[in-house]
There are 2 protein chains.
Amino acid sequence: MNIKDLKYFHQLVKYKNFSKVAADFSVSQPTITMAIKRIEKQFNSRLFIRDQSHHELQVTASGYQLDEHVQQVLNELATAQKELKRINSTKVLFGLPPIIGTYYFPSITPALLRQGLMKHLETFETGSKDMLQLLLKGSLDLALIASLQPIEQHQITAQLFRNYNFKIIVSPQHPLARQKEVSFKDLVAEHFIVLDEGFIHNTAFKQFCQQYDFKPNIVYQTSDVHVLKAMVKENVGIAFLTEIAVPANEELVSLALTDPQQPHFLISLAYRKNYRLGSIQQQLITTLVEEAQNK
Amino acid sequence: MNIKDLKYFHQLVKYKNFSKVAADFSVSQPTITMAIKRIEKQFNSRLFIRDQSHHELQVTASGYQLDEHVQQVLNELATAQKELKRINSTKVLFGLPPIIGTYYFPSITPALLRQGLMKHLETFETGSKDMLQLLLKGSLDLALIASLQPIEQHQITAQLFRNYNFKIIVSPQHPLARQKEVSFKDLVAEHFIVLDEGFIHNTAFKQFCQQYDFKPNIVYQTSDVHVLKAMVKENVGIAFLTEIAVPANEELVSLALTDPQQPHFLISLAYRKNYRLGSIQQQLITTLVEEAQNK
DNA sequence: TTATCATATAAATTTTATTAATAGTAAAAC
DNA sequence: GTTTTACTATTAATAAAATTTATATGATAA
């Protein structure tokens with residue numbers, strides 16, 4: 001059996017059209033016919049129903065079931081390809097979401113430098129949500145990921161190692177600045193500056209809104225935490241942010257949330273279960289975990 | 001790329017000998033040489049070091065890393081093959097460990113009969129530990145599995161639905177029969193009849209022994225619960241058994257365990273995440289879950 | 001030195017995949 | 001009710017690929 005045939009098969013399940021698949025792979029149409037015949041013979045199953053009357057190719061239950069496995073197979077091979085491409089580079093492709101990269105990671109870099117690990121790191125920045133997908137696809141080796149729930153993803157090993165609260169930040173001019181804490185439900189009337197979809201802040205914020213059943217008054221949405229803070233300082237609105245992103249010395253007032261059920265900003269270290277750890281990777285993980293525990 | 005090449009590759013990682021692999025697949029030795037060359041070219045990586053001086057073929061880090069993925073791929077295809085072979089039989093191959101099959105399952109059969117589901121069931125009996133492996137390999141469609149911890153296996157969906165205690169059972173003649181409950185640590189001097197390795201009872205029992213740091217006096221080991229009970233009735237020894245396997249009407253006395261930290265006998269319904277559920281499968285799962293909740 | 005073991009190479013052969021050309025079939029368009 | 005169009009299947013020819021046979025190479029062991 002040939003991988004190529006599996007690729008043809010998968011595309012056929014997707015497009016349900018032999019000619020289109022042929023064109024897609026720049027081969028002749030009979031090539032696809034033959035490939036599918038080979039696969040149907042190999043698995044001894046009818047995978048498609050060629051019913052010309054209904055003007056669409058039907059995929060059988062067997063066809064869909066096989067496709068589940070074929071997808072897994074093709075992904076596995078693609079992942080292997082990407083991994084092997086990197087394996088001899090002595091560099092570890094390390095995913096670092098912006099907030100973690102700005103406010104948490106710098107505190108670990110001295111330790112990494114001491115161990116001579118920094119030069120083996122190649123960081124890649126994107127939102128935590130994308131990160132998990134990139135890990136799964138093999139486009140990353142290792143990643144720090146922020147989440148609201150502990151990461152439970154088959155194929156991924158995740159070590160939860162930091163747990164932060166969310167806070168409300170306001171300008172010193174804001175009436176709330178006199179308080180030390182506040183309940184989210186008392187913020188119905190406030191104007192909010194919020195972070196973009198890619199941030200889990202967004203998800204946590206929506207959760208809160210849903211919990212208290214109110215529609216927040218969002219005056220501005222940004223993907224830049226500095227912009228968000230600048231606007232809060234100008235008292236344009238208040239914001240919802242992890243405590244990690246609010247160093248003490250800033251001209252901002254942060255209020256604890258008193259709500260009994262509240263989400264947390266979790267930081268985990270994640271990698272694929274079948275990613276083989278070389279000595280550099282081992283050292284890196286150990287150092288990251290140790291540093292996380294020292295704080 | 002050909003699946004055959006991947007099979008050759010995997011065996012070569014295993015045996016580290018070209019000629020042996022060739023013999024294994026009944027092909028000539030150059031076939032393997034060529035196959036490996038193709039794969040090394042495809043992945044653009046050195047996978048083996050042919051160092052004749054050390055008299056053994058060395059597998060590189062890349063080689064091992066690739067093998068991780070190759071194993072996954074080969075398993076996925078083998079699973080697909082088995083699944084598709086069964087898919088048109090309208091039968092669901094249903095794994096049922098002996099204890100669950102004898103003491104729990106019969107209580108659900110009336111509901112299954114009412115729904116006309118029994119005729120679609122083909123049950124297969126083996127220990128819970130094997131069951132998970134068989135599911136993963138695609139040799140089973142669905143299984144009831146006993147475990148001490150909730151099942152957390154990537155690729156497997158498991159619904160925990162029953163939770164039983166473990167008990168100590170003794171003959172009415174036994175001194176302990178006058179008690180209602182007992183702590184495991186007070187059983188050091190007893191003679192035990194225990195179940196075989198395949199049973200999770202065995203694991204739970206060992207856990208207890210380890211916890212209290214004692215070496216149990218095991219007078220007989222069996223894989224048959226009836227034999228175990230018969231021997232307990234004869235007062236040959238006492239036993240450690242789930243409450244589910246001790247119906248009230250038997251001439252046995254069961255004692256609760258008072259230990260604060262004790263394992264539980266969990267029953268879960270499990271299937272592969274990418275096992276597509278047809279209407280029969282859906283109905284079956286719904287019925288099983290409903291019945292479990294009714295008790 | 002010779003024998004032995006393990007892998008590589010090369011040419012010939014076999015097997016398999018692909019193509020070009022064409023046929024078949026049903027629905028849509030004229 | 002032909003003709004066109006859109007899809008898929010079939011066939012023979014061709015191209016590509018994997019496999020074999022025979023042999024070479026290189027290293028250790030006898």
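In the text below, chain A, chain B and the rest are named by the order of the sequence lines, each starting its count at 1. The figures that follow rest on heavy atoms only: side chains count, while hydrogens, waters and symmetry mates do not.
Looking at B/E76, its side chain never comes within 3.5 Å of a backbone N or O of A/V73 through a donor-acceptor pair. Between the side chain of B/D196 and the main chain of B/G198, no donor-acceptor pair closer than 3.5 Å is present. A distance-only check finds a donor-acceptor pair linking the side chain of B/Q65 to the backbone of A/N274 [under 3.5 Å]. Without hydrogens or angle criteria, A/T60 side chain to A/G63 main chain gives a donor-acceptor distance under 3.5 Å.
Here C/dT16 presents its P atom at 14 Å from CE of A/M1, a figure rounded to the nearest Å. Atom CG of B/L12 and atom P of C/dA6 are 13 Å apart (whole Å). When rounded to the nearest whole Å, the span between CG of A/N2 and P of D/dA16 equals 15 Å. Across the protein-nucleic acid pair, A/I3 atom CD1 and C/dT16 atom C1' stand 16 Å apart, rounded to whole Å. Distance CD1 (A/I49) to P (D/dA9): 13 Å, rounded to an integer number of Å. Atom C1' of nucleotide C/dT7 and atom CG of B/N17 are separated by 10 Å, given to the nearest angstrom.
Only A/Q29, A/P30, A/T33, A/M34, A/K37, listed by number, bring a heavy atom of residues 23-45 of chain A to less than 4.0 angstrom from any atom of DNA chain D.
The A/L57 side chain lies nearest to D/dT8 when the options are C/dT18, D/dT8, D/dT19.
Between A/F105 and A/F94, the two ring planes are tilted [angle within 30° to 60°].
Taking 4.0 angstrom as the limit, A/S19 places none of its side-chain polar atoms (N or O) nearer than this to OP1 or OP2 of D/dA6. Contact annotation: A/K16 does not reach the phosphate of D/dC7 (side-chain N/O to OP1 or OP2, under 4.0 Å). Remark: A/Y15 is not in phosphate contact with D/dC7, judged by side-chain N or O atoms under 4.0 Å from OP1 or OP2. At D/dA9, one or more side-chain N or O atoms of A/R50 fall inside 4.0 Å of OP1 or OP2 (strictly under the cut-off).
No contact: A/F48 has no heavy atom under 4.0 Å from any strand.
Of the listed residues (A/F48, A/Y64, A/F43), just one forms a ring-ring contact (aromatic ring centres under 6.0 Å, His included) with A/F9, and that residue is A/F48.
Classification of B/R114 and B/E291 as a salt-bridged pair fails, no side-chain N sitting under 4.0 Å from a carboxylate O.
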